[in-house]
Number of protein chains: 2
Amino acid sequence: MITSLTIQQAAKACGLTVHTLRYYERIGLIGPVPRQANRHRLYHAEDMQWLEFLLKLRTTGLPIAQMLRYAELRRLGNSIESVSERKAMLAQHTRTLEATLINMQQTIAILHGKLAMYTEMERQLNATTATREEYSDDRTAEHPTPPHPPTRR
Amino acid sequence: MITSLTIQQAAKACGLTVHTLRYYERIGLIGPVPRQANRHRLYHAEDMQWLEFLLKLRTTGLPIAQMLRYAELRRLGNSIESVSERKAMLAQHTRTLEATLINMQQTIAILHGKLAMYTEMERQLNATTATREEYSDDRTAEHPTPPHPPTRR
DNA sequence: GCTTGACTTTGAGCACACTCTAAGTTTTAT
DNA sequence: ATAAAACTTAGAGTGTGCTCAAAGTCAAGC
């Protein structure tokens, strides 16, 4: 098992660029990364775990300013104050995420509806091309003509 | 039923600012909004419906550049090309969203785990304050000490 | 000893999506 | 007639989160 990574390896491992890794360190999202004798950074398992948790927060939309506060609290250690504020922050973010999730599910449902509508429109457009039927110029694409039985000749 | 809205009313109705409404029109996300005699915009039900759909795309992370393409295709009418490209765009976004949803559910689960951990840490910290027990300085907060039976005196 | 490549730092630059400012017009109320 | 409120435009400015550039250091291989 590899126990420590160069900045390039770390970047590859977590899907960031080396620039972003240094940026996160510069702003204090990750504390000073231990260096080798030649001043090159060496990322260890614990750094990578913290980083990956940060990335979960980031990809779920937590702003950097809040991640910074969380990181600061973590550095302060496990005092009652630090723990309860971190807990409050994560609880708040969780509530936001749960709301976002529901909203996203609704949007997905609407999108599936639209997709079905487009499929139906495509069917009608193909029928039109074949049979010279006319169809309404539905610019809003909100009210597709429902499927109908094939025209009897 | 109100049939048309001023820009302020429209902004309030959809949760944007008047600035953003004009900005969306300027860049072409919404086509030229009909004007009153005094050149003031009047938003109608169909404008609002389109706007609300755009906002669903926006809040689920579709970039403006893509919304612009979608808007352009819509303006082109319901040709086979327009319909199928719009369908493809929404299908792609739906797939992205479904993946995001799963990822978000995983993160929510992890957050619930962290929250439980913090609750347990708080319990132990309170016990410590009361009984002068010591606890590990768990900076990573990844391995909380499991609950244990109360110290027998 | 010189080149190559991976790293270092500081600071500037960029893309995105707004957000606001300034100056002007139009309608309504006094 | 004048003031106030709501709108108009073009264009400049802002915040967030990177992303890159320039100049330098260091170790390894030829």
Side-chain angles (χ1 to χ4, degrees), chain A residues 2 4-44 47-48 50-72 93 96 100, chain B residues 2 4-44 47-48 50-72 93 96 100:
Chain A
I2 296 166
S4 54
L5 304 173
T6 67
I7 193 166
Q8 284 227 51
Q9 293 169 330
K12 190 172 178 188
C14 69
L16 295 175
T17 67
V18 294
H19 300 295
T20 305
L21 276 179
R22 291 199 201 97
Y23 165 68
Y24 280 180
E25 184 175 347
R26 196 165 21 160
I27 65 174
L29 258 191
I30 50 187
V33 174
R35 307 299 179 106
Q36 292 174 276
N38 58 9
R39 300 172 32 84
H40 291 192
R41 291 170 181 82
L42 256 204
Y43 291 80
H44 297 274
D47 303 312
M48 298 311 289
W50 169 236
L51 203 40
E52 268 152 38
F53 180 62
L54 281 182
L55 291 186
K56 285 187 202 310
L57 296 182
R58 186 194 70 159
T59 62
T60 52
L62 195 74
I64 283 190
Q66 291 208 48
M67 290 199 282
L68 274 178
R69 176 65 183 153
Y70 187 86
E72 185 192 354
H93 186 49
T96 302
T100 303
Chain B
I2 295 167
S4 55
L5 304 173
T6 67
I7 193 167
Q8 284 228 49
Q9 294 169 329
K12 192 174 176 187
C14 68
L16 295 175
T17 67
V18 295
H19 300 294
T20 306
L21 276 179
R22 292 197 200 99
Y23 164 69
Y24 279 0
E25 184 175 347
R26 197 168 17 160
I27 65 174
L29 257 192
I30 51 187
V33 175
R35 305 301 178 103
Q36 291 174 277
N38 58 12
R39 299 172 32 84
H40 290 192
R41 290 171 181 81
L42 254 203
Y43 291 80
H44 297 276
D47 302 312
M48 298 311 290
W50 170 236
L51 203 40
E52 269 151 38
F53 180 62
L54 282 183
L55 291 186
K56 284 187 203 312
L57 296 181
R58 187 196 67 160
T59 61
T60 52
L62 195 73
I64 282 191
Q66 291 208 49
M67 291 200 280
L68 274 178
R69 176 65 183 154
Y70 187 86
E72 185 192 357
H93 186 48
T96 302
T100 304

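In what follows, every heavy atom counts, from backbone to side chain, and hydrogens, waters and symmetry copies are set aside. Because the structure is a prediction, the values reported are computed rather than measured. So that the names make sense, note that chain A is the first sequence line, chain B the second, and so on, each numbered from 1.
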Taking only side-chain N and O atoms of Arg41(A), does any of them lie within less than 4.0 angstrom of OP1 or OP2 on dC7(C)?
no
What's the closest nucleotide to the side chain of Ile64(B) if the choices are dT9(D), dG17(D), dA17(C)?
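Of the options given, the side chain of Ile64(B) lies nearest dA17(C).
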Per Arg58(B) side chain, nearest of listed nucleotides dA6(D), dT9(D), dC18(C):
dC18(C)
For a quick test of reading the model, state the closest non-hydrogen atom pair linking Leu5(A) to Gln9(A) and the distance between them.
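So the two residues come closest at CA-OE1, 3.3 Å.
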Gly28(A) versus Leu68(A), closest heavy-atom pair with distance:
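Minimum heavy-atom contact is C-CD2, 3.7 Å.
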Interatomic distance, [X] [atom1] vs [N] [atom2] [rounded to whole Å]:
| X | N | atom1 | atom2 | value |
| --- | --- | --- | --- | --- |
| Ile30(B) | dC18(C) | CD1 | P | 12 Å |
| Leu54(A) | dG17(D) | CG | C1' | 14 Å |
| Leu16(A) | dT19(D) | CG | C1' | 12 Å |
| Met67(A) | dG17(D) | CE | C1' | 9 Å |
| Ile7(B) | dA6(D) | CD1 | C1' | 11 Å |

Give a yes or no on whether a salt bridge exists between Arg22(B) and Glu25(B), defined as a side-chain N under 4.0 angstrom from a carboxylate O.
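Judged by the 4.0 Å cut-off on N to carboxylate O distance, Arg22(B) and Glu25(B) do not form a salt bridge.
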Polar pairs (N or O, both sides) under 3.5 Å between protein and nucleotides 23-30 of chain D?
none

Pick base, sugar-phosphate or nothing for Thr6(B), based on heavy-atom distances below 4.0 Å to the nucleic acid.
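Since only primed, P, OP1 and OP2 atoms lie under 4.0 Å of Thr6(B), the category is sugar-phosphate.
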Would you kindly compare Gln8(B) and Leu62(A) by the position of their nearest DNA chain D nucleotide and give the one closer to the 5′ end?
Gln8(B)
Side chain to side chain contact (heavy atoms under 4.5 Å, CB included) evaluation trace for Leu55(A) with Tyr24(A):
CA-CA 11 Å; Leu55(A) 291 186; Tyr24(A) 280 180; 4.3 Å; yes
Aromatic ring pairing Tyr70(A)/Trp50(A), orientation class (parallel under 30°, perpendicular over 60°, tilted between):
parallel
From Thr20(B) OG1 over to Arg26(B) CZ, what is the distance, rounded to the nearest 0.5 angstrom?
10.0 Å
Return the CG to CZ distance between Leu16(A) and Arg58(A), rounded to the nearest 0.5 Å.
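One gets 5.5 Å once the value is rounded to the nearest 0.5 Å.
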Which of residues 19-27 of chain A sit near DNA chain D, with a heavy atom under 4.0 Å from it?
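Per residue number, the list reads His19(A), Thr20(A), Tyr23(A), Tyr24(A), Arg26(A).
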Taking side chain to side chain contact (heavy atoms under 4.5 Å, CB included) as the definition, give me every residue that meets it alongside His40(B), ordered by chain and number, with sequence neighbours left out.
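Partners of His40(B) under the side chain to side chain contact (heavy atoms under 4.5 Å, CB included) test: Gln36(B), Asn38(B).
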Could you check Leu57(B), Ile27(B), Leu54(B) and say which one makes a side chain to side chain contact (heavy atoms under 4.5 Å, CB included) with Ile64(B)?
Ile27(B)
